[in-house]
Novice: 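This structure is in structure tokens; I'll ask about it shortly.
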Amino acid sequence: MNWLDKWLDRSVEKTTRGLAQRTSRRGFLGKFAGAVIGGAATVPLLPVARSQEAATPAPLEEGDANSCDYWRYCAIDGFLCGCCGGSMNSCPPGTEMSPITWIGTCENPVDGQNYIISYNDCCGKASCGNCLCQRNEGDRPVYNPRVANDLNWCLGTTSAAYHCSTAIVIGAALDD
Amino acid sequence: MNWLDKWLDRSVEKTTRGLAQRTSRRGFLGKFAGAVIGGAATVPLLPVARSQEAATPAPLEEGDANSCDYWRYCAIDGFLCGCCGGSMNSCPPGTEMSPITWIGTCENPVDGQNYIISYNDCCGKASCGNCLCQRNEGDRPVYNPRVANDLNWCLGTTSAAYHCSTAIVIGAALDD
Amino acid sequence: MKKLIFLTLLFASTAFGQIQPEPAGVIQTLPESWPPHWIIVQDGAFFHMNSGKFIVVDADSDDPATRFKGMFNGTFIPQFFQAESRPEMYVTETFYSRGTRGVRTDVLTIWDKQTLSPVAEVVLPPKRASQMPMNYHIQLVDDEKLALVYNFTPATSVSVIDIVNRTFLGEVPTPGCSLVFPMAGRAFASICTDGSMLSVQLDEDGQQASTARTDVFFDANNDPLMEKAAMVDGVAYFPTFLGRMVPVDMRGESLEVGDTWSLLGAGDDGWRPGGLAVTGTDGAGRIYVLMHPDGYEGSHKDPGAEVWVFDPATRQRVDRIALQLPAISIGLTRDDNPLLVATNINLEVDVYDVASGEFQRTLSDIGAETPFLLHGAN
Amino acid sequence: MKKLIFLTLLFASTAFGQIQPEPAGVIQTLPESWPPHWIIVQDGAFFHMNSGKFIVVDADSDDPATRFKGMFNGTFIPQFFQAESRPEMYVTETFYSRGTRGVRTDVLTIWDKQTLSPVAEVVLPPKRASQMPMNYHIQLVDDEKLALVYNFTPATSVSVIDIVNRTFLGEVPTPGCSLVFPMAGRAFASICTDGSMLSVQLDEDGQQASTARTDVFFDANNDPLMEKAAMVDGVAYFPTFLGRMVPVDMRGESLEVGDTWSLLGAGDDGWRPGGLAVTGTDGAGRIYVLMHPDGYEGSHKDPGAEVWVFDPATRQRVDRIALQLPAISIGLTRDDNPLLVATNINLEVDVYDVASGEFQRTLSDIGAETPFLLHGAN
């Protein structure tokens, strides 16, 4: 039994309380991605595709890009920018995209292909407050900051105020 | 039918949402008190007792001093300081009592006597968030500031941040 | 692109798949002119006043995720005004150097409608009125060249700002009178404790040139004018606690109090105006008033059950919209096919089509704690 | 009494009744030494980060109104530490001159336990780690003469403060290592990305005197130490993701890694530690760990269903407390008859009596939005 599911299930009630429940462990941004970190990871090591055959201008996608279940968010943790006036890969008006990001490796169910996702926070305004989404797979403690989602990744921005998080496809990865 | 009652009744559910409901018209401090304002008031004009016979060191009271129904709060509007680490007539630790107050005239059900109540806000910390209590009888628009509860009465304090409200008995009043 | 530096470091020894990376660093912008059914939800964040918000929402949208167009912050129960001639919005807000303590700074922040970014600020005397959100704390006059901000310390005054050059000009006292109502030219009106109104003419430098007072024309105790007036074509329509409507013509050099009429018709006994934001107007000049039945002393801020629509020319009620949930505040979009929006008692925003009177949808999950005021976008 | 001026004005022509007016201007204070069952609820206000709170609550009280003893603010996900030798609490917080924008200022604010007022502040380099609340962001060492604050920019370092004289002394780099764990004397430890720990000795001026690194002693990827250690008598006990317990003795000049033991006994397969605040200790030196069944990769922050109690001397589980609702954080009061407090999945605080293991009450309506951490009062 997955306790987290229970927790999140309860929060689907669209009440203020439900919303509050979704926040408690926020875990800002930053997730574990085996291919990038390398080393002995608990998630499968995903060497990046070198073959031109895999090349496509962009992955075909389907599903609700503002649902926490969407494939790109396999390692996201924060308010989805698509619910905040941005989109899954752009920031809402008046925010600043963090130049320092964390990386996930997510499988696109449409093509079964793994893609490298850069999770860039949008910064400089207070919490968006919508569509809080958290997945802790691959998260590690804060002494391993590149894979720790208890960090606020609004670093290198004019303001460290955290607003929401994007999920930007930056490459394809090949399974072992 | 009293729409406000309906509104407040719903808010008695002890949910975050319920709590939020109780806030919408907060109406900081300041209420109408006929005896003090004088003039043609819609509430009964209550000349203040001049007789020594009415003198008592303090009124006898009964009831829950942290309930919005408590007699002293007939003209209060805000978070009850008794739920915030203060009491009905003292401020919570680390706050500052506003030197500028508004006045109500409330009937004590124990002795049937009317008393003059000074509502002093406690200031300098963010919203206490507990026991929001509002009664609009005698409230008038903000151009009549001494009787307007849409004002923040944290005036003349080091910080205007509003935390909670007290209800201090400062005298007895006689009915007409 | 600064943001790529860290990525480059990470991937220095790692090859990428050969797909085209999506562009990074994209920041959305909004149109300079907003669609007519966008609204601005003013969230006072009553339990967290240092974290107030203005949320731009598409009131036509049935998609809870995409109806949210953007937001900007406003601190410590800010007040708000939109320009018509410029894509600008104005917010007066208060900051303390240590959150709720320390040195106070009041500013008028100018927000750009396309970028939802602060493009300038004017530091004000730290006197702005700390009150519940209301529509006559900030106004623009003189073809939107001057901004006026109401102060309350409890002494009352108005700060005058050259909003074109974004400089503070001075402070005009308004003893015994509150708020700012726009008059023609460089002038404003305030409403006074004694039941009169004050008008103030400003000179070229934004200083007080002359003032005038009307006679006492209302009873501030027994049937006070609500300060939450509806303005149509330069006339302010003040509902009273007991359901009268008092027009004050502000188009001339002096104020002219018009004839009072009643909001109530036959069978309307007991209905009164009430709520936090009680009035609204649409592009056709109709006036909307939030009404509740069974009024009593103290019910003037109770949630309303219906919205009554009046034609100020004929002084007749022309429509009556029953609300699916009682509401504490109403607002209107500013187009010819307006939506009525209402903050309901669950602190969600309900949308009604004015033409049909029908409930359309509830805008919940927009990140608002206490959506006190609703503004149709200009 | 300044406050009487306004009243005097009002009542100038009005006689009072001859009762004794109640005193005005009374501000409550708290005892210098707090009752052992008071707790400090750290509300990160995740949806309103500029309005965080620390709320002092009597966990023994069944009266929802009077259990609230007071509060103070903390801005932008503050971190917290209580002194033992002084009635002081320390909060590191971040302010922007315009709320969420403008000039950043980081401070360590010193709060007095009797007055709940800020008695001093130390301005810090604007580098403090912006992370979820956790217990090893601030620590005191050298008989509480030095305060240490963890920085992350993402370069890691520690700010050193003379907390007696309330002055910033300097910044010590901790490359590759995070957080501050207290060591004996003027020294601290940090835990490192590579699976080792760093120890830093400070000189009289609070500057780095010497450093040492342990060998790599844990696998930071496959079974990492949780940084949320329990400290008992100078030994830090780190639970691992998979349920081992790794002690590190911090009482000497250098760190000594002890023998690892397992939290799991026969029949405990699948149980793992997890949550936001996973560990606690009581006055008897027992260690409390928030546990959930059916663990999996990524479950290390899931809410826990039980709290397991261990005696670190015997390495045995001595108690097992079933929670009435799953919890995300736990804390303990620090007395001999401790209460276990737990932030449940409704974000209320549940209270359990440790001796009986019985649920006592739920502390709701304490004005907290997101009560992330719970601290027993010193």
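Reminder, nothing fancy here: chain letters follow the sequence lines and each chain counts from 1.
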Novice: Set out, in order, the CA-CA distance, both residues' side-chain angles and the distance that settles ring-ring contact (aromatic ring centres under 6.0 Å, His included) for H163(A) and F79(A), then state yes or no.
Specialist: CA-CA 7 Å; H163(A) 186 62; F79(A) 302 109; 8.0 Å; no

Novice: Against chain A, work out which of R104(D), M134(D), E227(D) has the most heavy-atom pairs shorter than 4.5 Å and name it.
Specialist: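 Of R104(D), M134(D), E227(D), E227(D) has the most heavy-atom pairs under 4.5 Å with chain A.
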
Novice: Checking K53(D) now: which residues fulfil salt bridge (Lys or Arg N to Asp or Glu O under 4.0 Å) with it, not counting sequence neighbours?
Specialist: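 Listed in chain order: nothing, the list is empty.
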
Novice: What part of C177(D) lies closer than 4.5 angstrom to a heavy atom of chain A: side chain, backbone, both or neither?
Specialist: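 Neither part, no heavy atoms under 4.5 Å.
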
Novice: With a 4.5 angstrom heavy-atom cut-off, could you sort out which part of S329(D) is near chain A: side chain, backbone, both or neither?
Specialist: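 Neither; nothing under 4.5 Å.
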
Novice: Are R272(D) and D294(D) within salt-bridge range, i.e. N to O under 4.0 Å?
Specialist: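 Salt bridge: no.
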
Novice: Heavy-atom pairs under 4.5 Å with chain A are the metric here; pick the option from V103(D), T100(D), T94(D) that has the most.
Specialist: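 Greatest number of close heavy-atom pairs with chain A: T100(D).
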
Novice: So which part of I191(D) gets closer than 4.5 Å to some heavy atom of chain A, the side chain, the backbone, both or neither?
Specialist: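 Contact with chain A is through both the backbone and side chain of I191(D).
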
Novice: Heavy-atom distances under 4.5 Å only: say whether F241(D) touches chain A with side chain, backbone, both or neither.
Specialist: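 Contact with chain A is through the side chain of F241(D) alone.
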
Novice: To the closest 0.5 Å, what do you measure between OG (S196(D)) and CZ (F218(D))?
Specialist: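 Rounded to the nearest 0.5 Å, the OG-CZ separation comes out at 7.0 Å.
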
Novice: Can you name the residues that form a ring pair (Phe, Tyr, Trp, His ring centres under 6.0 Å) with F238(D), not counting sequence neighbours?
Specialist: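 Result, ring pair (Phe, Tyr, Trp, His ring centres under 6.0 Å) vs F238(D): F181(D).
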
Novice: CZ/F46(D) to OG/S127(A) distance, rounded to the nearest 0.5 angstrom?
Specialist: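 If I round to the nearest 0.5 Å, the distance is 5.5 Å.
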
Novice: Using a cut-off of under 4.5 Å on heavy-atom pairs, state which of C128(A), C154(A), G124(A) scores highest against chain D.
Specialist: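 So the answer, after comparing C128(A), C154(A), G124(A), is G124(A).
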
